[in-house]
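These notes are about the structure you will find just below.
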Amino acid sequence: MDVFLDDRRQTPLGWTHVYWPDQAIALLETGKVKCISLDHDLGDDARGTGADVLHWILEAVRKDGFTPPQIFIHTADPLAKVHMRALLDQITALTERAPSAL
């Protein structure tokens, strides 16, 4: 499954659209997400941002050995993009250092 987190943009064909971080995380927890694309600003910061999904993935990788899907960032917010890219870099660094299963 491919997941698209955004409050306004049109969902790419074949992707599952979610509007809030908790919805994206619930799908990630199923282990069926192959690809996720994240916007940052979702219209209600009290409900979360795309960065919250990256924080969840980072912690799941650290604590549980979660294997993240392919991750894209499509936010137009330049400061948020820098922050989200830094989180993605941390996720990538952790997963590249993880030992392979034999």
Side-chain angles (χ1 to χ4, degrees):
M1 157 186 341
D2 298 330
V3 176
F4 190 75
L5 173 65
D6 201 293
D7 62 326
R8 291 200 209 162
R9 290 177 185 86
Q10 185 173 1
T11 309
L13 188 62
W15 289 59
T16 299
H17 192 149
V18 295
Y19 294 88
W20 302 111
D22 60 328
Q23 295 170 322
I25 291 166
L27 292 174
L28 287 164
E29 288 174 327
T30 70
K32 296 179 181 178
V33 176
K34 302 295 182 212
C35 184
I36 190 164
S37 188
L38 304 168
D39 186 17
H40 183 272
D41 303 319
L42 303 171
D44 183 357
D45 286 350
R47 290 213 50 194
T49 69
D52 294 321
V53 176
L54 291 172
H55 281 288
W56 181 90
I57 292 171
L58 180 60
E59 286 307 304
V61 169
R62 281 186 182 148
K63 292 180 180 177
D64 304 321
F66 178 75
T67 301
Q70 186 174 11
I71 302 168
F72 295 99
I73 298 166
H74 66 262
T75 185
D77 181 330
L79 293 177
K81 189 177 286 189
V82 169
H83 175 65
M84 292 174 76
R85 184 71 222 180
L87 290 167
L88 182 54
D89 289 346
Q90 290 179 54
I91 292 165
T92 301
L94 282 175
T95 57
E96 286 177 352
R97 282 189 270 151
S100 301
L102 298 176

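The structure presented is a predicted model; accordingly, all values stated were derived computationally and were not measured.
A distance of 4.5 Å separates CG of Asp41 from CG of Asp77, quoted to the nearest 0.5 Å. His55 contributes atom NE2, which lies 11.0 Å from atom CD1 of Ile57 (distance to the nearest 0.5 angstrom). For the atom pair CD (Gln23) and CG (Leu5), the distance works out to 8.0 Å, reported to the nearest 0.5 Å. In this structure, the separation between CD1 on Ile73 and CE on Met84 is 5.0 Å, given to the nearest 0.5 Å. In this structure, NZ on Lys81 lies 10.0 Å from NE2 on His74, to the nearest 0.5 angstrom. To the nearest 0.5 Å, atom OG1 of residue Thr92 and atom CG of residue Leu88 are 4.5 Å apart.
When the ring-ring contact (aromatic ring centres under 6.0 Å, His included) test is applied to Trp56, the partners found at least two apart in sequence or on another chain are Phe66. With sequence neighbours excluded, the residues that form a side-chain contact (heavy atoms from CB on, under 4.5 Å) with Gln70 are Cys35, Phe72. With sequence neighbours excluded, the residues that form a salt bridge (charged side-chain N to carboxylate O under 4.0 Å, His left out) with Asp89 are Arg85. Judged as a ring-ring contact (aromatic ring centres under 6.0 Å, His included), and not counting sequence neighbours, the contacts of His17 are Phe4, Tyr19. Residues that satisfy the side-chain hydrogen bond (donor to acceptor under 3.5 Å, both in side chains) test with Glu59, not counting sequence neighbours, are Arg62. For Thr16, the side-chain hydrogen bond (donor to acceptor under 3.5 Å, both in side chains) criterion is met by no residue, not counting sequence neighbours.
Legend: salt bridge (Lys or Arg N to Asp or Glu O under 4.0 Å) pairs involving residues 11-21, not counting sequence neighbours: none detected. Counting only residues at least two apart or on different chains, the salt bridge (Lys or Arg N to Asp or Glu O under 4.0 Å) pairs with a member in residues 3-15 are Asp6-Arg9, Arg9-Asp39.
One hydrophobic cluster holds both Ile36 and Leu27 under the rule that ILVMFWY side chains link at heavy-atom gaps under 4.5 Å.
Scanning all heavy atoms of the two residues, the minimum distance from Ile71 to Pro68 falls at CD1-CB, 4.3 Å.
When side chains are defined from C-beta on, Leu28 counts as touching Val53, because their heavy atoms get closer than 4.5 Å. Looking only at side-chain heavy atoms (C-beta outward), Asp2 and Lys34 come within less than 4.5 Å of each other.
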Distance-only donor-acceptor pairs under 3.5 Å for side chains of residues 43-52, two or more places apart:
residue	atom	partner	partner atom	Å
Asp44	OD1	Ala46	N	3.1
Thr49	OG1	Ala51	N	3.2
Asp52	OD2	Thr49	N	2.7

